[in-house]
There are 2 protein chains.
Amino acid sequence: MRLVIARCQVDYAGRLTAHLPMATRLIMVKNDGSVLVHSDGGSYKPLNWMSPPARLREGVTEDGRVEWTVHGKDGPDGDTLRILVDEVLSDSSHDLGLDPGLQKDGVEKHLQELLADHPGTLAPGLTLVRREYPTAIGPVDLLCRDDRGSCVAVEVKRRGDIDGVEQLTRYLELLNRDSTLCLNGSVRGIFAAQEIRPQARVLATD
Amino acid sequence: MRLVIARCQVDYAGRLTAHLPMATRLIMVKNDGSVLVHSDGGSYKPLNWMSPPARLREGVTEDGRVEWTVHGKDGPDGDTLRILVDEVLSDSSHDLGLDPGLQKDGVEKHLQELLADHPGTLAPGLTLVRREYPTAIGPVDLLCRDDRGSCVAVEVKRRGDIDGVEQLTRYLELLNRDSTLCLNGSVRGIFAAQEIRPQARVLATD
DNA sequence: GCCTAGGTCCCGTTA
DNA sequence: TAACGGGGCCTAGGC
């Protein structure tokens, strides 16, 4: 990994165009060729970048200024990052080796597993039929039966937003066309989320 | 901005938990307190991070090892990043100053402006009534009239996905209840996108 | 290989 | 301020 602190101006041209005026920034060059331009603030997202695989070429403009050109996977025809380097304040390289990688836990899948093990917490007497019940428009997170034998479709989300409610509505419409599922009355839906947005709540009660 | 190359182990606990085994990495500390842990590959996203505002405290564990603790906006009760520093290979600080910021061009808004100026490209004889036509559930991107005087609602997207079609469907349902708009027949919808996903196409023709 | 859904999403804009 | 919608989204999983 190469770390360069430099006064620079950056121009990206690709799916959109973006321009960064001349200022002092960090330019990070990873050994897969990817380039990240960071300022001293903001969040984890760089101001401008090039995703791997990429290639950095150091050149000089007609009027003698240092210019770095970074091409993406499609080469000179695809996304391009032009970095005009005015002054280099620091330039260092470091051998980091391969990273063993990240281990995560606690996202939506985990939430779904918990609810699959304890469907009774959603509604009394609820029992699991199966997880990821397949339909023509995608899998229903949890298909359950209540104490009266009626089917209940459960949509699990970390954040309850309007499109989640619509997703559940689509499933319900489809499932209710299946006569084998609505033997004991129509299929109901439960929207389970850690957080429900107001717009979603309005639509859900509709 | 402080740049540290170090052999370290990182643990995040917050909305989820994540663990990074001991390895050599770049630790970037920005002057708003945010911390980014990068490996020498992957994409622009750090392996682990803490968003601003954040505070870094350098401490020592019971058994005498160096441990950095980063707390997020909610302090010790909220998100926490624990960095066990085994060996520091490089440690440098740089004054970057404020960044003038990024200028973008060419995203959805720009596409909408282009279509507003040339509605005829969507359908022959189409003329613009207004952009961002307000409704109870949000603004319609473009409201137009065709050559027979019927209203046409246009939803503009860079990528045509299923939720865009549903958004347009909601608008159409609402607009068709407005008698002043459907004087010359019902309100039609046009879904304009640079790219249409197959799932969206299926729903749209439904 | 494409396509879909989720994210410690981030981020701007607006009510 | 909170919420909603877009993103050069990125990334993992399914078909």
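Numbers restart at 1 for each chain; the letters A, B, ... are given by sequence-line order, proteins then strands. Any value given below was found using the heavy atoms of this structure, including those in side chains, with hydrogens, waters and symmetry copies removed.
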State whether A:K104 places a side-chain N or O below 4.0 Å from either non-bridging phosphate oxygen (OP1 or OP2) of C:dT8. yes
Atom NZ of B:K73 to atom P of D:dA2: distance rounded to whole Å? 10 Å
Would you call B:D79 and B:R15 a salt bridge, using N to O less than 4.0 angstrom? yes
Using Watson-Crick or G-U wobble geometry with both distances below 3.5 Å, tell me the partner of C:dC3, or none. D:dG13
Phosphate-side-chain proximity, A:K45 and D:dC9, N/O vs OP1/OP2 below 4.0 Å: no
Checking all strands, does A:M50 fall into the base, sugar-phosphate, or nothing category for heavy-atom contacts under 4.0 angstrom? base
B:D141 has an atom CG; how far is it from atom P of D:dG6, in whole Å? 8 Å
Rounded off to whole Å, could you give me the CG-to-C1' distance for the A:N48 and C:dC10 pair? 15 Å
Below 4.0 angstrom, N of the basic side chain to O of the carboxylate: do A:D63 and A:R65 qualify? yes
D:dT11 P sits how many Å from A:D32 CG, rounded? 11 Å
Is B:Y44 touching bases, backbone alone, or none of the nucleic acid, heavy atoms closer than 4.0 Å? sugar-phosphate
So, do B:P119 and B:L142 sit near enough that their side-chain heavy atoms are less than 4.5 Å apart? no
Output the rounded distance in Å from CG (B:L16) to P (D:dA12). 14 Å
Between A:Q9 and A:H19, is there a side-chain heavy-atom distance shorter than 4.5 Å? yes
Interatomic distance, B:Q112 CD vs D:dG7 C1' [rounded to whole Å]: 16 Å
Counting only side-chain nitrogens and oxygens, does B:R158 get under 4.0 Å of the OP1 or OP2 atom of D:dG7? yes
In whole angstrom, give the distance that lies between atom NE2 of B:H110 and atom C1' of D:dG7. 17 Å
Counting just side-chain N and O atoms, does B:S51 come under 4.0 Å of either OP1 or OP2 of C:dC10? yes
Distance, rounded to the nearest Å, where B:W49 contributes CH2 and C:dC9 contributes P: 8 Å
Closest-nucleotide ordering on DNA chain D, the 5'-leading residue of A:D79 and B:S43: A:D79
Close side-chain approach of B:H94 to A:S90, heavy-atom, < 4.5 Å: yes
For nucleotides D:dG7 and D:dT11, find the distance between their C1' atoms and express it as a whole number of Å. 14 Å
State which of C:dT8, D:dG6, D:dC10 makes the closest approach to the side chain of B:R15. C:dT8
